[in-house]
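Shown next, in structure tokens, is the structure this report addresses.
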Amino acid sequence: MTGYRGRFSPSPTGPLHAGSLVAALASWLDARAHNGRWLVRMEDVDTPRCVPDSDQFILQQLKSCGLIPDELPVWQSQRTTLYQAALDDLTAHGLAYPCACTRSEIQAELVRAGHAHTRHGELIYPGTCRQGLRGQAARAWRFLSNQPPRPTVWLDRRLGPQSQDVEKEVGDFVLQRADGIAAYQLAVVVDDAAQGISHVVRGQDLADNTARQILLQQALGLSTPQYLHTPLVVGVNGEKLSKQNGAQPLNTSDPLQALNAAATVLGLQVSATNLSNWLVQATAQWAKRQAPHEAGL
Ligand code: GLU
């Protein structure tokens, strides 16, 4: 028996592509290598972005590759009361506050303060509504990111020591959007804790969210899982493979071809030619590689 619980959490905005299979496979292998359990969570909280039936399609794609969850999948769209309860808890502790600012107001405030830079196209919120709404109506809810007022540090199993000063580098981030939908950061932290996730294995593009998630875990009195961020598959433009830059839906009519491509990204070389042997061999290779930070990955 082991306390290991891992997960793969796709957003059902379309079918899996070669890049998403890398994260799915790595999280599955890590769970198997630790004799743990592997769960699938559909991150469909942002309902307007979801594509009908792509959740079932993704589950089918995973199954074709032999990646079958150990428990019934959960859907975030059915868990909104949990997110609201967490937001209420943060608000009661003075760690979440309503914000009335529109994007153009935030932009104007940043220009006034001489901080017109953005981060990944996002504005770094200057904390305008920390002191109250000035009679305006609340739009979104934000997290008070300066408690504690120091950088958040963590050890990524592949990337090594990481540090981010969330208040300075990200600002007070959104917990609940103006349309009432829980933000990814809040939903993922609530669900990882509710599902008892001990190890998060996901794509490196998400590494930058980890400090925010750790701050939220601390604010909600939740434990922090171990994190491992996997290498990304890049598209023709050199950026992370995504639907926007031409990623094709994963073709699972030849699952071994798809799995071999994903394994190569993870630095594995598996020679087996039938699916169950392939998965056994890949798990054994992954298990051998439990070095500090797993630099070979
Ligand atoms: N739903 C996110 C995505 O598809 C993954 C979130 C996570 O693994 O924390 O990019």
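FYI, side chains are in, hydrogens and waters are out, and symmetry mates aren't considered; it's all heavy atoms of this structure.
No side-chain donor-acceptor contact under 3.5 Å links S54 to the backbone of F57. Under the 3.5 Å distance criterion, the side-chain polar atoms of D70 are matched with a main-chain donor or acceptor of W38. A donor-acceptor contact shorter than 3.5 Å is absent between the side chain of D172 and the backbone of L144. Side-chain atoms of Q285 come within 3.5 Å of backbone atoms of Q269 as a donor-acceptor pair (strictly under, hydrogens ignored). Judged purely by atom type and a 3.5 angstrom limit, N260 uses its side chain to pair as donor or acceptor with the backbone of L256. Side chain of E169 to main chain of D165: a donor-acceptor pair is present (N/O by atom type, distance under 3.5 Å, no hydrogens or angles).
The two residues Q61 and L250 come nearest to each other via the heavy atoms NE2-O, 3.2 Å. The two residues C65 and L275 have their closest heavy-atom pair at O-CD1, 3.7 Å.
Contact of the Q217 side chain with the V189 side chain is registered, since non-hydrogen atoms from C-beta on lie closer than 4.5 Å. Considering only heavy atoms from C-beta on, V40 comes within 4.5 Å of L59 through its side chain. Residues L159 and Q204 form a side-chain contact, since some pair of their non-hydrogen atoms from C-beta on lies under 4.5 Å apart. Contact of the R5 side chain with the H199 side chain is not registered, since no non-hydrogen atoms from C-beta on lie closer than 4.5 Å. L186 places none of its side-chain heavy atoms less than 4.5 Å from the side chain of Q176. Taking the side chain as every heavy atom from C-beta outward, V170 and R212 approach each other to under 4.5 Å. Side-chain contact between L266 and P231 is present, with at least one heavy-atom pair separated by less than 4.5 Å. N251 has its side chain out of reach of Q248: every pair of non-hydrogen atoms, C-beta onward, lies at least 4.5 Å apart.
Residue R150 places its CZ atom among 12 or fewer non-hydrogen atoms of other residues, nucleotides or ligands, all under 6.0 Å distant. Within a 6.0 Å radius of CD in Q257, other residues, nucleotides and ligands contribute 12 heavy atoms or fewer.
Between the side chains of Q76 and Y184, not a single donor N or O lies within less than 3.5 Å of an accepting N or O.
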(request) Give the intermediate values and the outcome of side chain to side chain contact (heavy atoms under 4.5 Å, CB included) for residues R142 and F173. (result) CA-CA 5 Å; R142 291 185 181 273; F173 54 92; 5.7 Å; no

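Salt bridge D191/R7: absent, no basic N to carboxylate O contact under 4.0 Å. Between D179 and R177, at least one side-chain nitrogen of the basic residue sits less than 4.0 Å from a carboxylate oxygen of the acidic one, meeting the salt-bridge criterion. One finds a salt bridge joining R130 and E167 here, because a Lys/Arg side-chain nitrogen approaches an Asp/Glu carboxylate oxygen to under 4.0 Å. The residues R41 and D192 are annotated as salt-bridged, a charged nitrogen and a carboxylate oxygen being separated by less than 4.0 angstrom.
Other members of the cluster containing L72 do not exist, because no ILVMFWY side chain is joined to it at under 4.5 Å.
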